[in-house]
> 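Can you read through this structure? Questions will come right after.
We number each residue from 1, following the sequence as shown.
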Amino acid sequence: MGLWLRGVVLRALRSSRGFCASHGRLPPPPVPQKVVSTWEAINQGRQPVPEYFNFAHDVLDTWSQIEKAGHRPPNPAFWWVGATGAEVKWSFEELGKQSRKAANVLGDACGLQPGDRMMLVLPRLPEWWLISVASMRTGVVVIPGVSQLTEKDLKYRLQASRAKCIITDDSLAPRVEAISTDCPSLQTKLLVSDSSRPGWMNFRALLREASAEHSCLRTQSRDSLAIYFTSGTTGAPKMVEHSQCSYGLGFVTCGRQWVALTESDIFWNTTDTGWVKAAWTLFSAWSNGACIFVHELPRVDAKVILNTLSTFPITNLCCVATVYRLLVQEDLTRYKFQSLRHCSSGGEALNPDVREKWKLQTGLELLEGYGQSETVLICANLKGTPIKSGSMGKAVPPYDVQIVDDEGNILPRGEEGNIGVRVRPIRPFCFFNHYLDNPEKTAATEKGDFYITGDRAYMDEDGYFWFMGRNDDVINSSSYRIGPVEVESALAEHPAVLESAVVSSPDPIRGEVVKAFIVLSPEYSSHDPEALTRELQDHVKRVTAPYKYPRKVAFVSELPKTVSGKIQRSKLRNQEWGR
Ligand SMILES: Nc1ncnc2c1ncn2[C@@H]1O[C@H](COP(=O)(O)OP(=O)(O)OP(=O)(O)O)[C@@H](O)[C@H]1O
């Protein structure tokens with residue numbers, strides 16, 4: 001543990017009951033709340049960031065001590081359920097032991113050194129969490145990716161990151177083999193499988209033999225921790241580099257106050273391991289001592305999700321809005337969620353209609369949060385704060401979030417502009433280091449004192465943020481600026497609409513007009529399209545300002561989405577504009 005942080009945590013632990021080991025009494029019993037509040041104080045900028053920090057050592061091993069002292073409920077730290085019902089459960093102690101073994105695999109068998117980069121592309125298998133922690137212990141920089149990556153995607157990522165090692169499973173191995181000669185930096189291929197494959201080392205076999213003795217690398221807080229490729233919703237994915245502390249200490253508040261976790265909770269986020277939300281979950285949950293629940297979930301299936309929520313004592317759930325949109329199509333009253341008490345949604349705009357349907361059927365509030373791969377949680381409806389349906393909530397400390405113009409000047413409340421996060425005079429520690437190998441892009445995201453997120457919104461008189469869309473998604477029709485989210489939310493209120501994407505489309509008179517691509521609910525799929533178009537247009541005119549109604553409507557069987565499940569409006573827009 002960094003010396004400074006170790007001191008702070010130990011003081012917190014000792015002050016709990018006044019025991020003093022040197023007087024021959026019992027060792028001080030750890031007090032989880034005090035440990036977490038110390039980390040939270042750092043997260044919120046009330047205490048300085050320590051010079052040295054390593055999440056595996058400073059946080060996970062502390063929870064292991066707390067657990068050993070009997071000061072954590074008996075729920076596991078990690079609970080995995082396979083597609084066919086197999087289960088894996090680890091305590092913090094077991095996680096520590098297994099991840100030390102995995103660290104020896106990375107350091108010894110793979111010969112990886114601190115600072116070396118390693119791509120990790122696995123479906124939701126327990127090894128993903130083990131190797132993520134092992135990379136922290138060794139100082140190896142992890143680069144997660146999703147299993148659906150094509151050969152082209154893999155080549156782009158391996159070449160751009162110059163990764164020395166890739167860890168994956170049987171399904172992706174052939175794709176790696178097809179492009180590995182084009183990736184000169186790639187030296188080691190590690191397979192997570194029960195069978196062997198020529199040219200690959202076998203992780204499971206190596207893990208069985210590895211020693212559980214490993215001394216965690218003493219990393220500086222600013223050392224590189226991970227590189228995340230963005231979703232590519234708007235263009236080629238960017239490489240976002242995070243430090244040991246930015247994510248390691250930046251998610252304590254997110255975990256405590258947005259997804260509302262304590263050490264007795266069991267938290268399920270249905271996200272894929274390759275998306276940054278998996279990291280958000282790892283750091284939010286484990287910094288708060290909560291259990292991470294994982295279902296293998298080979299594909300996102302509403303019934304499997306609902307059955308899982310009914311079968312296991314999951315207390316907290318987080319999904320992207322797309323998943324909740326799917327869930328509310330089901331008859332939720334047929335399920336009984338015994339333990340579920342808190343639900344959250346992020347990564348995409350949450351339509352008010354979906355939130356209301358969820359609440360009506362489950363009795364549970366859905367708290368929306370907003371952030372990016374580059375940041376931690378920027379805005380959110382934190383637990384216990386009043387919700388304004390359709391708003392992303394307020395700025396989350398330590399961020400100072402403002403609506404700014406293109407030069408970084410703060411705009412008055414109610415005016416639409418860029419969502420900006422203040423980075424001067426002090427850049428929050430819980431922020432990405434930079435876009436790797438792209439100083440121009442890094443510099444271009446800052447205007448005046450603010451980092452410009454690329455998203456548009458307005459802030460109301462009470463400090464709540466209302467998302468309009470990404471910069472490029474906002475439609476400018478006859479000088480009226482129209483956010484796609486508002487139109488999509490209006491459409492979502494109509495029973496015919498399963499989901500929709502709203503984009504600009506060329507128009508000889510207005511320059512551009514609103515076009516809605518709509519996936520119909522099964523009951524409406526055989527309706528007369530012309531009559532339905534008119535009905536939906538009238539509906540939008542009724543529920544929102546009439547000028548926002550979609551002048552063009554197309555019924556489609558599905559919408560283009562990123563591998564993380566987000567709607568790619570840019571693809572539809574480019575199609576409209578012939579780009
Ligand atoms: N609650 C939310 N409401 C609306 N949009 C959200 C919300 N949360 C996240 N987003 C969107 O997701 C973006 C962050 O996602 P991510 O970091 O995965 O990269 P991306 O923007 O999807 O990919 P790329 O930068 O490659 O286009 C935000 O900038 C915002 O546009």
Side-chain angles (χ1 to χ4, degrees), residues 60 63 67 72-99 102 120-133 144 146-148 168-171 192-194 203-204 207 255 259 261 263-275 277-286 288-320 323-324 326-327 330 332 334-344 362 364 564-565:
L60 297 179
W63 277 111
E67 186 183 77
R72 185 178 171 272
N75 59 322
F78 180 78
W79 187 347
W80 177 87
V81 177
T84 53
E87 289 189 35
V88 170
K89 281 184 191 175
W90 292 324
S91 61
F92 276 106
E93 190 181 2
E94 186 64 16
L95 173 68
K97 181 179 159 203
Q98 293 298 331
S99 63
L120 177 61
V121 190
L122 287 177
R124 299 174 185 87
L125 291 176
E127 283 87 350
W128 188 87
W129 284 266
L130 215 52
I131 294 166
S132 296
V133 177
V146 287
S147 298
Q148 297 92 327
T168 192
D169 69 345
D170 289 305
S171 64
V192 176
S193 170
D194 289 328
F203 177 77
R204 286 182 179 157
L207 190 75
V259 285
L261 298 169
E263 63 275 19
S264 33
D265 285 315
I266 297 178
F267 179 39
W268 187 22
N269 185 338
T270 56
T271 182
D272 189 283
T273 49
W275 191 34
K277 279 286 232 124
W280 281 44
T281 301
L282 187 156
F283 294 109
S284 299
W286 281 343
N288 285 286
C291 168
I292 295 178
F293 179 91
V294 181
H295 190 288
E296 194 174 2
L297 215 61
R299 59 190 188 85
V300 175
D301 180 316
K303 291 196 170 59
V304 173
I305 294 176
L306 295 169
N307 280 327
T308 305
L309 283 173
S310 311
T311 310
F312 295 93
I314 295 157
T315 54
N316 303 48
L317 175 73
C318 186
C319 305
V320 287
V323 171
Y324 284 110
L326 269 180
L327 298 185
E330 302 288 320
L332 297 178
R334 288 182 43 228
Y335 299 86
K336 189 160 165 37
F337 309 142
Q338 298 162 24
S339 308
L340 195 62
R341 61 165 190 88
H342 187 91
C343 304
S344 50
T362 64
L364 292 165
S564 54

> Would you call the rings of W268 and H295 parallel, tilted or perpendicular if under 30° counts as parallel and over 60° as perpendicular?
tilted
> Working to the nearest 0.5 Å, report the span between OG of S344 and OH of Y324.
5.5 Å
> Measuring only between side-chain heavy atoms, which start at C-beta, is K277 closer than 4.5 Å to C318?
yes
> Within the 4.5 Å heavy-atom criterion, are L306 and F337 side-chain neighbours or not?
yes
> Give a yes or no answer on whether the side chain of S193 reaches the backbone of D170 with a donor-acceptor pair at less than 3.5 Å.
no
> Determine whether V259 and N269 make a side-chain contact, defined as any pair of heavy atoms from C-beta on separated by less than 4.5 Å.
no
> I'd like to check V88 versus V81 (side-chain heavy atoms, cut-off strictly below 4.5 Å). Are they in contact?
no
> Mind checking what makes salt bridge (charged side-chain N to carboxylate O under 4.0 Å, His left out) contact with R299, not counting sequence neighbours?
D301
> Please determine which of T311, I305, V304 meets the side chain to side chain contact (heavy atoms under 4.5 Å, CB included) test together with T308.
V304
> Carefully, step by step, assess E127 and L207 under the rule side chain to side chain contact (heavy atoms under 4.5 Å, CB included).
CA-CA 10 Å; E127 283 87 350; L207 190 75; 5.8 Å; no
> Identify, with sequence neighbours excluded, every residue that meets salt bridge (charged side-chain N to carboxylate O under 4.0 Å, His left out) alongside E330.
K303
> Can you see which heavy atom on L122 is nearest to which on S147, and at what distance?
C-OG, 3.6 Å
> Any heavy-atom pair between the side chains of F267 and N288 that's under 4.5 Å?
no
> Within the side chain of T315, is there an N or O that forms a donor-acceptor pair under 3.5 Å with the backbone of I266?
yes
> If you take all heavy atoms of C291 and N75, which pair is closest and at what distance?
CB-ND2, 3.8 Å
> Distance-only, no hydrogens or angles: does the W63 side chain make a donor-acceptor pair with backbone N or O of W286 under 3.5 Å?
yes
> Do you know the tightest heavy-atom contact between A290 and L261?
CB-CB, 4.1 Å
> Does R341 have any salt bridge (charged side-chain N to carboxylate O under 4.0 Å, His left out) partners at least two apart in sequence or in another chain, and if so, which?
D265
> Looking at CG of N316 and SG of C343, how far apart are the two atoms once the value is rounded to the nearest 0.5 Å?
8.0 Å
> Could you give the distance from CG (L317) to OG1 (T270), rounded to the nearest 0.5 Å?
6.5 Å
> Counting distance only, does the side-chain N/O of R124 pair as donor-acceptor with the main-chain N or O of V294 below 3.5 Å?
no
> To the nearest 0.5 angstrom, please state how far the CG atom of L125 sits from the CG atom of L130.
11.5 Å
> Rounded to the nearest 0.5 Å, what's the gap from CH2 on W90 to OG on S99? Could you check?
8.5 Å
> Parallel under 30°, tilted from 30 to 60°, perpendicular over 60°: which one fits the rings of F312 and F293?
tilted
> For the residue pair W79 and P313, establish whether any side-chain heavy-atom pair is separated by less than 4.5 Å.
yes
> Contact between P73 and E263 at the side-chain level, heavy atoms closer than 4.5 Å - yes or no?
yes
> Can you see which heavy atom on S171 is nearest to which on D169, and at what distance?
OG-OD1, 2.9 Å
> When you measure from the side chain of E93 to the backbone of E67, do you find a donor-acceptor pair of N or O atoms at a distance under 3.5 Å?
no
> Using modelled atom types and a 3.5 Å cut-off, is there a donor and acceptor pairing between side-chain atoms of E296 and backbone atoms of A83?
yes
> So how far is it from N307 CG to Y335 OH, rounded to the nearest 0.5 Å?
5.0 Å
> Grab the two heavy atoms, one from S132 and one from L282, that are nearest each other, plus how far apart they are.
CB-CD1, 4.1 Å
